[in-house]
Amino acid sequence: MRIATWNVNSIRARADRVGAWLDRSDADVLAIQELKCKDDQFPEEVFTSRGYQVAFHGLNQWNGVAIASRVGLDDVTFGFEDVPGFGEEGDVEARAISAVCDGVRVYSLYVPNGRDLGHPHYEYKLRWLEALRLDAAAQLAGDDELGIALCGDFNIAPHDDDVWDMAAFEGSTHVSVPERAAFQSLLDAGFDDVVRPHTPGPGVYTYWDYTQLSFPKKRGMRIDFVLASSALSRRTASARIDREERKGKGASDHAPVIVDFS
DNA sequence: ATGGCCAGAGAATCTGGA
């Protein structure tokens, strides 16, 4: 089974590229982040016309997550247990969706950005990650042989090799000790980064800023991951980052990440 | 080829991204 994750940065602006990518990637399951549209604006036909079922969750022009699958899409769940909200109303945002695809519970996750160290959004990010860890750990506590794939844009560069220059990130989010500790806590709960062993660094990234010629200058970040539970991790056959998809006019600023499971 | 931001809302810039 081929599972991919991709922050598309607007599903409507990227509809043609996403369709073309599905055609050539041969992905069975695609976890999508940053839809940037409401449910009634979601272009379902991009997926249904190609034989995929699709579940999506979008509330406004921000965030939004979806899962497309051609190997079953069962028990669709929006959010997760005790997912925190943000803002004056504490509204829960559209940052998580999951479904069972061919026996694997696949999550599509768009972790809050954090904005700046000390910003309320940063505390929100850490709370959100802790709630995700508790949800995932609780599932594995019931059955540690469950196949779970936590896919998405984690907005964390876990290691110094995951950014082009640590000096450029002095005092920034994405590389702070608490964020990296939150990411490590997810791994400690029973998950493996199944992509890194197949895409060793340094200089291997999943995101390049639109500004400052970041992509041609190879100034990127590795912030998109597939974290697999132990039972699923053991089935990893190969993984890759589709850097080609970042090229050309109309590309997302993130590249798709693909994993093949036996 | 891989090139000095992009998308959405809404109607001039502003929010958010990272």
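In the text below, chain A, chain B and the rest are named by the order of the sequence lines, each starting its count at 1. Because the structure is predicted, anything quoted here is derived from the model rather than measured.
At the phosphate of B:dA18, OP1 or OP2 sits under 4.0 Å from a side-chain N or O atom of A:Tyr110. Here A:His254 reaches the OP1 or OP2 of B:dA18: one of its side-chain N or O atoms lies under 4.0 Å away. Dashed line: the shortest gap from a side-chain N or O of A:Asn9 to OP1 or OP2 of B:dA7 is not under 4.0 Å. Within the 4.0 Å cut-off from OP1 or OP2 of B:dG17, at least one side-chain nitrogen or oxygen of A:Arg115 is found. For B:dG8, one of the phosphate oxygens OP1 or OP2 lies less than 4.0 angstrom from a side-chain nitrogen or oxygen of A:Ser10.
The distance between atom CG of A:Asp253 and atom P of B:dT2, rounded to the nearest whole Å, is 17 Å.
The 5' end of DNA chain B is approached more closely, in terms of each residue's nearest nucleotide, by A:Ala13 than by the other of A:Asn7 and A:Ala13. For the pair A:Pro112 and A:Phe215, both in contact range of DNA chain B, the more 5′-proximal nearest nucleotide belongs to A:Phe215.
Taking A:Asp26 as the reference, A:Arg70 meet the side chain to side chain donor-acceptor pair (under 3.5 Å) condition, with sequence neighbours excluded.
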Exercise. Test A:Arg222 against A:Asp193 for salt bridge (charged side-chain N to carboxylate O under 4.0 Å, His left out), laying out the working first.
Key: CA-CA 12 Å; A:Arg222 193 174 72 101; A:Asp193 172 358; 2.9 Å; yes
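Candidate nucleotides B:dT2, B:dG16, B:dA18 were compared by shortest atom distance to the side chain of A:Asp153, and B:dA18 ranks first. Looking at the side chain of A:Asn113, the nearest of the listed nucleotides B:dA18, B:dT2, B:dC5 is B:dA18.
Taking atom P on both nucleotides, B:dA18 is separated from B:dT13 by 27 Å, rounded to a whole Å.
Here A:His119 and A:Tyr122 keep their ring centres 6.0 angstrom or further from each other.
The structure places CG of A:Asn155 at 5.0 Å from CD1 of A:Ile223, a figure rounded to the nearest 0.5 Å.
Aromatic ring pairs are classed by plane angle as parallel below 30°, tilted from 30° to 60° and perpendicular above 60°; the pair A:Phe42 and A:Phe56 is parallel.
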Protein-nucleotides 9-13 of chain B N/O pairs closer than 3.5 Å?
none

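Side chains of A:Tyr207 and A:Asp162: no donor on one and acceptor on the other come within 3.5 Å.
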